[in-house]
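Below is one structure, written out as structure tokens; the observations come after it.
Keep in mind that this is a model prediction, so the values were computed, not measured.
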Amino acid sequence: MKIKDAEIITLMQNPRTQEKGVRALMDAYQSRLYWHIRRIIVDGDLAQDTLQETFIKAYQNFHQFKNDSQLYTWLYRIATNEALQQVNKLKKMQKTDEDPEYYMQNLVADNVSSDAEEIQILLQNAIQSLPEKQKLVFMMRYYDDLPYEEISKIVDMSVGTLKTNYHYAKQKIEEYIKENYEK
């Protein structure tokens with residue numbers, strides 16, 4: 001039986017049932033949040049650590065959750081912020097003579113199975129080459145199939161800006177694949 005958000009919120013708000021609420025929260029959203037984070041970070045171990053940080057932040061700051069948005073929207077926002085912080089840390093850790101985009105593309109290539117289709121590898125490399133905002137919007141829309149209104153709440157951007165970013169991301173991905181696809 002799948003527990004509903006209202007039940008999770010009720011459990012989380014009561015100090016006596018908060019631990020059960022955290023478990024229910026993790027059970028309900030762990031997989032979706034992991035894959036959302038994983039598409040931003042790429043490295044599986046770092047994505048798992050970031051997921052744990054996301055749940056810790058959600059637990060510590062649950063008193064700030066307001067029912068003006070859905071629970072998953074609030075969690076996605078936390079997960080997105082945590083993942084972007086990790087990406088920024090990775091970029092800062094790079095030596096100044098290394099190109100962070102090259103590093104991220106190599107992470108993608110290392111994580112794709114050897115018998116994967118070339119087009120899938122190209123898609124992942126194209127996504128990693130996008131500017132952060134476009135990458136984030138593209139992944140939430142393309143992979144998570146989130147409506148623009150929900151993405152707007154998560155990343156705090158207007159719907160019009162999101163649509164523009166998604167449009168440009170699609171164009172850049174198509175161009176990247178056309179330029180790099182070897183027939």
Side-chain angles (χ1 to χ4, degrees), residues 1-93 104 107-108 110-113 124 127-128 130-163 165-166 169:
M1 181 179 124
K2 189 174 180 181
I3 189 165
K4 295 182 179 173
D5 284 355
E7 296 174 58
I8 293 172
I9 292 167
T10 302
L11 290 170
M12 290 291 292
Q13 290 173 335
N14 183 341
R16 291 184 189 157
T17 59
Q18 196 170 31
E19 187 176 317
K20 185 177 179 183
V22 169
R23 283 195 301 271
L25 184 74
M26 291 174 71
D27 288 344
Y29 292 104
Q30 187 166 2
S31 180
R32 284 176 72 189
L33 289 175
Y34 172 78
W35 287 109
H36 170 66
I37 292 167
R38 179 74 189 264
R39 285 188 286 273
I40 296 171
I41 294 181
V42 181
D43 179 80
D45 292 334
L46 188 54
Q48 189 65 43
D49 292 345
T50 304
L51 177 65
Q52 295 307 316
E53 284 298 316
T54 297
F55 284 122
I56 290 168
K57 289 256 170 91
Y59 170 76
Q60 291 172 338
N61 297 299
F62 197 80
H63 63 280
Q64 294 177 347
F65 173 72
K66 296 168 181 57
N67 275 333
D68 60 353
S69 67
Q70 293 183 8
L71 186 56
Y72 82 86
T73 303
W74 184 71
L75 290 168
Y76 264 56
R77 186 174 198 146
I78 294 170
T80 300
N81 289 338
E82 288 297 309
L84 291 175
Q85 284 179 0
Q86 288 297 333
V87 168
N88 288 334
K89 284 180 190 176
L90 276 177
K91 286 181 180 177
K92 286 179 184 176
M93 287 173 36
M104 294 301 282
L107 275 179
V108 171
D110 290 345
N111 285 296
V112 175
S113 66
Q124 293 304 317
I127 292 169
Q128 291 304 321
L130 293 172
E132 285 302 319
K133 286 182 184 179
Q134 289 177 9
K135 183 188 328 181
L136 193 58
V137 171
F138 181 82
M139 288 189 300
M140 288 180 170
R141 184 79 177 144
Y142 182 79
Y143 288 114
D144 299 328
D145 200 27
L146 293 176
Y148 287 113
E149 293 74 19
E150 289 298 317
I151 298 171
S152 175
K153 292 175 186 175
I154 294 168
V155 297
D156 199 26
M157 272 189 232
S158 73
V159 172
T161 302
L162 291 172
K163 287 180 178 180
N165 275 295
Y166 184 74

To the nearest 0.5 Å, what is the distance between CD on Gln70 and CD1 on Ile154?
9.5 Å
Return the OG1 to OH distance between Thr161 and Tyr148, rounded to the nearest 0.5 Å.
12.0 Å
Quick one: list whatever passes side-chain hydrogen bond (donor to acceptor under 3.5 Å, both in side chains) with Tyr166, sequence neighbours left out.
none
Quick check: are there more than 12 heavy atoms from other residues, nucleotides or ligands sitting under 6.0 Å from OH of Tyr59?
no
To the nearest 0.5 Å, what is the distance between OH (Tyr76) and CE (Met140)?
8.0 Å
Say you draw a straight line from CG of Asp156 to CD1 of Ile151; how long is it, rounded to the nearest 0.5 Å?
13.5 Å
Which pairs would a plain distance check flag for residues 15-24, meaning a side-chain donor or acceptor within less than 3.5 Å of a matching protein atom at least two apart in sequence or in another chain?
residue: Thr17; atom: OG1; partner: Leu11; partner atom: O; Å: 2.8
residue: Thr17; atom: OG1; partner: Asn14; partner atom: O; Å: 3.4
residue: Gln18; atom: NE2; partner: Met12; partner atom: O; Å: 3.4
residue: Glu19; atom: OE2; partner: Arg23; partner atom: NH1; Å: 3.0

Heavy atoms, side chains only, cut-off 4.5 Å: are Ile40 and Lys135 in contact?
no
Once you round to the nearest 0.5 Å, how far does NZ of Lys133 lie from CG of Leu84?
11.0 Å
Side chain to side chain contact (heavy atoms under 4.5 Å, CB included), paired with Asp144, selected from Met139, Arg32, Arg39:
Arg39
Show the numbers, then the answer: is there a side chain to side chain contact (heavy atoms under 4.5 Å, CB included) between Trp74 and Leu71?
CA-CA 5 Å; Trp74 184 71; Leu71 186 56; 4.1 Å; yes
To the nearest 0.5 Å, tell me how far Gln48 CD sits from Asp43 CG.
11.0 Å
Tell me, please, which residues at least two apart from Asn67 pass side-chain contact (heavy atoms from CB on, under 4.5 Å).
Ile9, Phe65
Side-chain donor or acceptor of Arg141 paired with backbone N/O of Leu146 under 3.5 Å
yes
Closest approach of Val159 and Ser152, non-hydrogen atoms and distance?
CG2-CB, 4.1 Å
Between Gln60 and Ile56, is a side chain to side chain contact (heavy atoms under 4.5 Å, CB included) present by the stated rule, with each step listed?
CA-CA 6 Å; Gln60 291 172 338; Ile56 290 168; 3.7 Å; yes
Kindly give the heavy-atom pair with the smallest separation between Ala58 and Leu25, and that separation in Å.
CB-CD2, 4.3 Å
Listed by chain and number, what are the side-chain hydrogen bond (donor to acceptor under 3.5 Å, both in side chains) partners of Gln86, not counting sequence neighbours?
none
Looking at every non-hydrogen atom in both residues, tell me the closest pair between Lys153 and Thr73 and how far apart they are.
CB-CG2, 3.6 Å
Of all pairs that satisfy salt bridge (Lys or Arg N to Asp or Glu O under 4.0 Å), the ones with a partner from residues 53-67, not counting sequence neighbours
Lys57-Glu82
Hits for side-chain contact (heavy atoms from CB on, under 4.5 Å) against Ala79, two or more places apart or cross-chain, chain-then-number order -> Leu33, His36, Ile37, Thr54
Anything under 30° is parallel, anything over 60° is perpendicular, the rest tilted; go ahead and classify Tyr142 against Phe138.
parallel
Write down the atom of Tyr29, the atom of Phe55, and the distance for their closest heavy-atom approach.
C-CZ, 4.3 Å
